[in-house]
Amino acid sequence: AHPGQAHAMHGFGHVRAWTVAEQGDDRILMTLRHEPLGSGWPWPVFAEQSLRRTEEGLDAELTIRNDGDTAMPGGGGFHP
């Protein structure tokens, strides 16, 4: 768990700056590239998240890609 938070947060995507790849009035596309050098996570990773406001609410999509040569455990999701 992080100090001051009641629940554990895993991984590194929530504490890193994402790059805005595209944006509009009702959408944003952000990317995150991770290189393993000295980071504690031994796989290169590319992640992309798309957020789009609709009349029904929010459409959110997260894609995580292992750019390494070996199998990588991984997962992702959105937390309220």
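Side chains are part of it too, since the values below use all heavy atoms of this structure and drop only hydrogens, waters and symmetry mates.
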Student: If you compare all heavy atoms of L51 against all heavy atoms of A60, which two are closest, and at what distance to 0.1 Å?
Tutor: CD2-CB, 3.7 Å

Student: Apply side chain to side chain donor-acceptor pair (under 3.5 Å) to R53 and list each qualifying residue two or more places apart in sequence or on a separate chain.
Tutor: none

Student: Please tabulate, one pair per line, all N/O donor-acceptor pairs under 3.5 Å involving side-chain atoms of residues 28-36, not counting sequence neighbours.
Tutor:
unit_1	atom_1	unit_2	atom_2	d
R33	NH1	D67	OD2	3.4
H34	ND1	R16	NH1	3.0
H34	NE2	S39	OG	3.2
H34	NE2	W41	O	3.2

Student: In terms of hydrophobic clustering (I, L, V, M, F, W, Y; side-chain heavy atoms under 4.5 Å; direct or indirect links), are W18 and L58 co-clustered?
Tutor: yes

Student: Atom CD in E48, atom CD in E61: separation rounded to 0.5 Å?
Tutor: 8.0 Å

Student: For T70, which residues count as a side-chain contact (heavy atoms from CB on, under 4.5 Å) partner, sequence neighbours excluded?
Tutor: W43

Student: Under the salt bridge (Lys or Arg N to Asp or Glu O under 4.0 Å) rule, collect the residues that match up with E22, sequence neighbours excluded.
Tutor: R27

